[in-house]
Number of protein chains: 4
Amino acid sequence: MHLTLDLDSETPIYQQIRDRIVEAIADGELEAGADLPSTRQLGVDLAINFHTVSKAYDLLRREGIIRINRKSGAVVRPDVKQPSGDAGTDTDWKRRARTMLAEADVRGLPKADVLEFVRTTLFGFPDQGGDPGER
Amino acid sequence: MHLTLDLDSETPIYQQIRDRIVEAIADGELEAGADLPSTRQLGVDLAINFHTVSKAYDLLRREGIIRINRKSGAVVRPDVKQPSGDAGTDTDWKRRARTMLAEADVRGLPKADVLEFVRTTLFGFPDQGGDPGER
Amino acid sequence: MHLTLDLDSETPIYQQIRDRIVEAIADGELEAGADLPSTRQLGVDLAINFHTVSKAYDLLRREGIIRINRKSGAVVRPDVKQPSGDAGTDTDWKRRARTMLAEADVRGLPKADVLEFVRTTLFGFPDQGGDPGER
Amino acid sequence: MHLTLDLDSETPIYQQIRDRIVEAIADGELEAGADLPSTRQLGVDLAINFHTVSKAYDLLRREGIIRINRKSGAVVRPDVKQPSGDAGTDTDWKRRARTMLAEADVRGLPKADVLEFVRTTLFGFPDQGGDPGER
DNA sequence: GTGGTCTAGACCACT
DNA sequence: GTGGTCTAGACCACT
């Protein structure tokens, strides 16, 4: 697993690691049940302190995305990507997504471009009926 | 202007106020150039301290979304919703949006539902041409 | 007199007008005792409200840089550019200048470049002994 | 770390704290990566409320000069004093510096004295080669 | 009448 | 032990 970090970003490193792992799971790079590298190993790979990796893993654990076992290390939860049945999760995500879409609009990003970006990110290819990506 | 706050949320109240105002601008409820209520007035309306409102306004000001004048109060910037010409803004937004879409997937929200939610939020009505996930 | 404003800047317009006038006086474009355009005329020239120009003039008046006479309009004070004999003025300027030089250093601007910029701005040409402006 | 404040100044205390810390970093008194005192401790030292210190730290954080960690406190960013690669930063600094140099001139500070002050502040000793204003 | 600043104290998470 | 948040109240300039 390779993660790209931006050490100069305002976003804390442990948060970036958490975000990149969530993206790796969504992309299928990390499957449900898969082992994560040990905190020490990932720390070496990323040239950062393993405590920072631990913080990221702890965050993912508290979010219910991974499981941590002292002996066998961290694994992606087998039931990840499955609807939680908790309506609160969806409601919370939608509220945050609504804010993010509003930000795009307020920043002047055209709505059509935003929708196309979302479609491409989700499904990996642009809409076939007129391709805004080539404008 | 009416804003709904969740006092029990983990999200700070000042951040919620900021988010709700961004959404109100995106929705057209607050137009470019429109007056915002005074910090003390909004504090009374929301039954919170005016300092908390002030913090939200300060955030919006620093983000370039509103202007604050000591005498005449706060207004939505006239040039809001216009592209900044700053590529960094778009890049940053897209990075955050990518993480948010990954979260939806990891939480088990179907991709087609996510796209439909985005389309409806942006354009106010669902797609008329069937399931976009299967094109 | 031509002033260039940045309407999108975070700096208030009246402050920008004030700054540009101070620079025009320093550059000799506006001499001691010279008439300033009327607030209405400058407002038309800059395509802004004349009240904003009035605010800038009022600021300059309070700073002791111009005089405002209801009948004859605004003029650059005849004694501008002359030492005030008030040690506080120098001390205050030096404190602010020290902070600004510290900011350049903290931002990573090379000290030699900063000195060269100051020299060129003050005297209109670079140092003759090695020209950092051509690196 | 000792900071001198002027409680009677028009400049807000939190801004003065911010300015003095920037100067301390430029002077090398505070090195990249160094710990800052806790907000409460510095508040006690300066005999002011810790909220005021907190506001100064928040300003420095948003400027990218320090990092704040809820657990371990505030530290000078390790990459401070390194060019940001953001041309906007330099342009903005130069615009502000130009205004400040114009102010010195308008106030009657001799240009040669201003240049000498800048040189001494930057390099710690005056020019050895005579009057730069006459080269 | 408006926002800005500062003080003071409380409670909170651990980011 | 640290910073973050929120409340409450005072005084200030007019930016």
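Naming: A, B, ... by sequence-line order, numbering from 1 per chain.
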Expected rows: protein N/O vs nucleotides 13-15 of chain F N/O, under 3.5 Å:
residue: dT15(F); atom: O4'; partner: Tyr14(C); partner atom: OH; Å: 2.9

Item checked: Contact list for DNA chain E against residues 38-54 of chain B - heavy-atom distance below 4.0 Å -> Ser38(B), Thr39(B), Arg40(B), His51(B), Ser54(B)
Note to self: What verdict does the salt bridge (charged side-chain N to carboxylate O under 4.0 Å, His left out) test give for Lys94(A) and Asp90(A), after you've listed the backbone C-alpha separation in whole Å, the side-chain angles of each residue and the deciding distance to 0.1 Å?
What the structure shows: CA-CA 6 Å; Lys94(A) 285 183 176 172; Asp90(A) 287 23; 5.4 Å; no
Notebook entry, point to check: Roughly, in whole Å, what's the span from CG in Asp35(B) to C1' in dG3(E)?
Noted result: 14 Å
N/O donor-acceptor pairs under 3.5 Å from side chains in residues 32-45 of chain D, not counting sequence neighbours:
residue: Ser38(D); atom: OG; partner: Gln41(D); partner atom: N; Å: 3.0
residue: Gln41(D); atom: NE2; partner: Asp45(D); partner atom: OD1; Å: 3.0

Checklist line | Whole-Å gap separating P (dC11(E)) and CG (Leu7(B)) | finding: 18 Å
Item checked: Upstream residue (5' side of DNA chain F) when Ile13(B) and Ala74(D) are each assigned their closest nucleotide -> Ala74(D)
Notebook entry, point to check: Who passes side-chain hydrogen bond (donor to acceptor under 3.5 Å, both in side chains) against Asp58(C), sequence neighbours left out?
Noted result: Arg61(C), Arg62(C)
Note to self: Is the shortest side-chain heavy-atom distance between Leu59(D) and Ile17(D) below 4.5 Å?
What the structure shows: no
Next item on the list: Determine whether Tyr57(B) and Ile21(B) make a side-chain contact, defined as any pair of heavy atoms from C-beta on separated by less than 4.5 Å.
Entry: yes
Next item on the list: Check whether any side-chain heavy atom of Ile66(D) sits under 4.5 Å from a side-chain heavy atom of Ile68(D), and report yes or no.
Entry: yes
Notebook entry, point to check: Got Met100(B) and Trp93(A) here, is their nearest side-chain heavy-atom distance under 4.5 Å?
Noted result: yes
Check: Just how far, in rounded Å, is P of dT5(F) from OH of Tyr57(D)?
Finding: 17 Å
Next item on the list: Would you mind reading off the bend of the helix from dG1(E)-dC14(F) to dC14(E)-dG1(F) from its two end axes, five pairs each, to 10 degrees?
Entry: 20°
Checklist line | Validation row: Pro12(C), Arg67(B) side chains within 4.5 angstrom (heavy atoms) | finding: no
Margin query: Give me each pair satisfying salt bridge (charged side-chain N to carboxylate O under 4.0 Å, His left out) with a member in residues 14-25 of chain D, each pair once, sequence neighbours excluded.
Written below: Glu103(C)-Arg18(D), Arg18(D)-Glu63(D), Arg20(D)-Glu23(D)
Notebook entry, point to check: Any side-chain heavy-atom pair from Thr11(C) and Asp6(C) closer than 4.5 angstrom?
Noted result: no
